[in-house]
Amino acid sequence: MAFANTFYNTIVKRNSVFVSTIFVGAFAFGIGFDMGVTAFYDRWNQGKQWKDIRHKYVEAE
Amino acid sequence: MASINAVKKAVMLSPTVRTLPSGVPVAPFINLAARAPASAHDHGHGHGSSVRSDLPAKFVGGVSRSPVSGLVSKTLVTAPTTTFFQPRTLHTSAATKEPAVPDFSSYRASNTSSNRAVSYFMVGSLGLLSASVAKSSVTEFLTTMAASADVLALAKVEVDLNTIPEGKNVIIKWRGKPVFIRHRTQAEIEEARSADWKTFRDPQSDEERAKKPEWLVMLGVCTHLGCVPIGEAGDYGGWFCPCHGSHYDISGRARKGPAPLNLEVPVHDFNDAEGKLVIG
Amino acid sequence: MLNHWCQVRFASTSSASSNAFQAALQSRATLASLSLFTAGSIAWYTHLYGTLPFIGEVHASGSHLSDEGLHPAAYPWSHKGLFDTFDHASLRRGYQVYREVCAACHSLDRIAWRNLVGVSHTADEARAMAEEVEYEDGPNGEGEMFQRPGKLADYMPRAYPNEEAARAGNAGALPPDLSLIVKARHGGADYIFSLLTGYIDPPAGVEIRDGMNYNPYFPGGAISMARVLFDGLVEYEDGTPATTSQMAKDVVTFLNWAAEPEHDERKKIGIKAVILFSTLTLISLYVKRFKWAPIKTRKIFYNPPVDKHH
């Protein structure tokens, strides 16, 4: 199990690395998760939200 | 070994409690009704000389001593007879060897390193998700302390400058305070710019105070005690505070009287395309 | 032998009485009297309050079904699903219907012009609409109130200055404020839609007072508001045919937004929260098992000291 050992040796072995990976990962996850859910939500509601119909009224101005 | 046994025999004592054939222990010299002596530390809590709580009440029977038959135990309550009785004996079938341990090898992980990685990954993921959720909760909580949308909507005021003629004052309300807007004449601008501002008590040049020389925008609150000064009055042709007699010049700078500072200039911007002033 | 053993025990004294209690519990007389008591209580309650206990919707004789109003059908709203946002084009049309039809009587106190920005109108459009309305402001330097054109921060203008004026203008009936009407009525959006489209002639035997209208969805059947939506009443700017049901659907969607402006964001946060918290639950169950497995499956040995001199 090369991958498992690489994972353990690079991230887990030193606790400082493990903990900082968790915090950095939490930050990155927060952004990525937000983007993912928003992408899904916008796809699900395609054409319904204001940003989908906004162009019709901005051009007219 | 033999010598130790001899010593043991020498100290062997007869048991203090004899057992009757009925199984009732006989201890004729134990005084079950004994009380502890009353002590000085007893503050009447019922300790010491009160009735022992671990003794059953007399009316249910119990153990008593009779001169005829010695120790007698009797109960005055009709209890249902015990249907089954079996004396308990010690378990005598104890194995002489180590008990056989079942084979757990099929449960054992075939690969400890991937097992370890999975465990740490799970623990790490738990921490990661918890940290993410905690961060969101804290930020969401903190945003509840921010100004609400209706307050923010009132935080900016737009003024149409085309309606203000030259040499006129306009007072508008912004966040509950009056704001002076003066459309200054050329003479007033020259007067404000030529003054020797370095000698004033709150030295500030007119260029610092007015973004555009013809427009002066200030909070109309006297820096002394918060009255509203009167426009086009005072010794310096600017504002005069009727409460305690502070004089401000045509740039809103404190020149005379108790006011320690110049009139405050709020954050403002000019929208040249529409001829509007945005305060806030 | 047995007696000897029994004598040294402090016997429980409850067995005899518990037998009697159990016998009473199992007797037919108890069963019959309890049933009678229950039936009597229900009959007494029903007599007193006119309805069966615990079942709010079921009525005993004496009341009338029309007092509750007809139950509205469940309509497939575009924002009904767990992941669905409002249809903002519908919100824009619905605002138009509200402004041109409903606003003649009904206020919308909790919605400001700025709320429309980024929902159904651009900031410029909302500002232009606000400026068409005069608002009282002041006091000015002379201590007098003055009129000024509206700003984004102003709230929707009201049809009547106060409740008394509203009642006086509507034969004593107060047109309710519509800001929270979808939340404030049983059936919500379905009810409002059914009410707007459900005006019919009163059936035989139902007498409606002069100035009142018959609507089977309205509790009691008699409503002061007349039917207002008719085909072609408004002209939609996006070319949607303005049928009665289209206008009713749009305005109800708009009123639903007015009652729940946070709706779209709320559902998005809901998706996130459900995913995050269910994942956290599963992982914490795994970690709990992981931590407890060695504790629960360990075997404890006791090795007695061995005599070395043996």
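Residue numbering restarts at 1 for every chain, and letters A, B, ... go by the order of the sequence lines. Keep in mind that what you see is a predicted model, and the values were worked out from it rather than measured.
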Counting only heavy atoms not in A/Lys13, do more than 12 fall under 6.0 Å of its NZ?
-> no
Reported OG1-to-CD distance for the pair C/Thr85 and A/Gln46, which is rounded to 0.5 angstrom | 11.5 Å
Separation between NE2 (C/His121) and CZ (A/Arg54), nearest 0.5 Å, reads 14.0 Å
Of the non-hydrogen atoms in A/Ile53 and C/His88, which two are nearest, and what is the gap between them?
-> CD1-C, 3.7 Å
Quick check: are there more than 12 heavy atoms from other residues, nucleotides or ligands sitting under 6.0 Å from CD of C/Glu235?
-> no
Determine the option with the most heavy-atom pairs under 4.5 angstrom with chain A, choosing from C/Asp87, C/Asp84, C/Leu276.
-> C/Asp84
cation_pi(C/Arg92, A/Tyr57) dist<6.0 Å, angle<=45 = yes
Around A/Phe23, counting heavy atoms of other residues, nucleotides and ligands shown, do more than 12 lie under 6.0 Å from its CZ?
-> no
Proximity breakdown for C/Ser90 and chain A, heavy-atom pairs closer than 4.5 Å | neither
Backbone of C/His79 reached by a side-chain donor or acceptor of A/Lys48 within 3.5 Å = no
Rounded to the nearest 0.5 Å, what's the gap from CG on C/Asp264 to CH2 on A/Trp50? Could you check?
-> 13.0 Å
Take atom CZ in C/Arg110; do more than 12 heavy atoms of anything else shown fall under 6.0 Å from it?
-> no
The interface call for C/Phe86 against chain A, heavy-atom contacts under 4.5 Å, is backbone
Should we count NE2 of C/His263 as having more than 12 external heavy atoms under 6.0 Å?
-> yes
Is it the case that more than 12 heavy atoms not belonging to C/Arg148 sit under 6.0 Å from its CZ atom?
-> yes
In terms of heavy-atom contacts, does CZ of C/Phe146 have more than 12 from other residues, nucleotides or ligands at under 6.0 Å?
-> yes
Where A/Tyr41 and C/Ile271 come nearest, the two heavy atoms and their spacing | CD1-CD1, 3.6 Å
Quick one: salt bridge (charged side-chain N to carboxylate O under 4.0 Å, His left out) pairs with a partner in residues 17-39 of chain A, sequence neighbours left out?
-> A/Asp34-C/Lys272
Reported NZ-to-CH2 distance for the pair C/Lys267 and A/Trp44, which is rounded to 0.5 angstrom | 11.0 Å
Kindly give the heavy-atom pair with the smallest separation between C/Phe83 and A/Phe40, and that separation in Å.
-> CD1-CZ, 3.7 Å
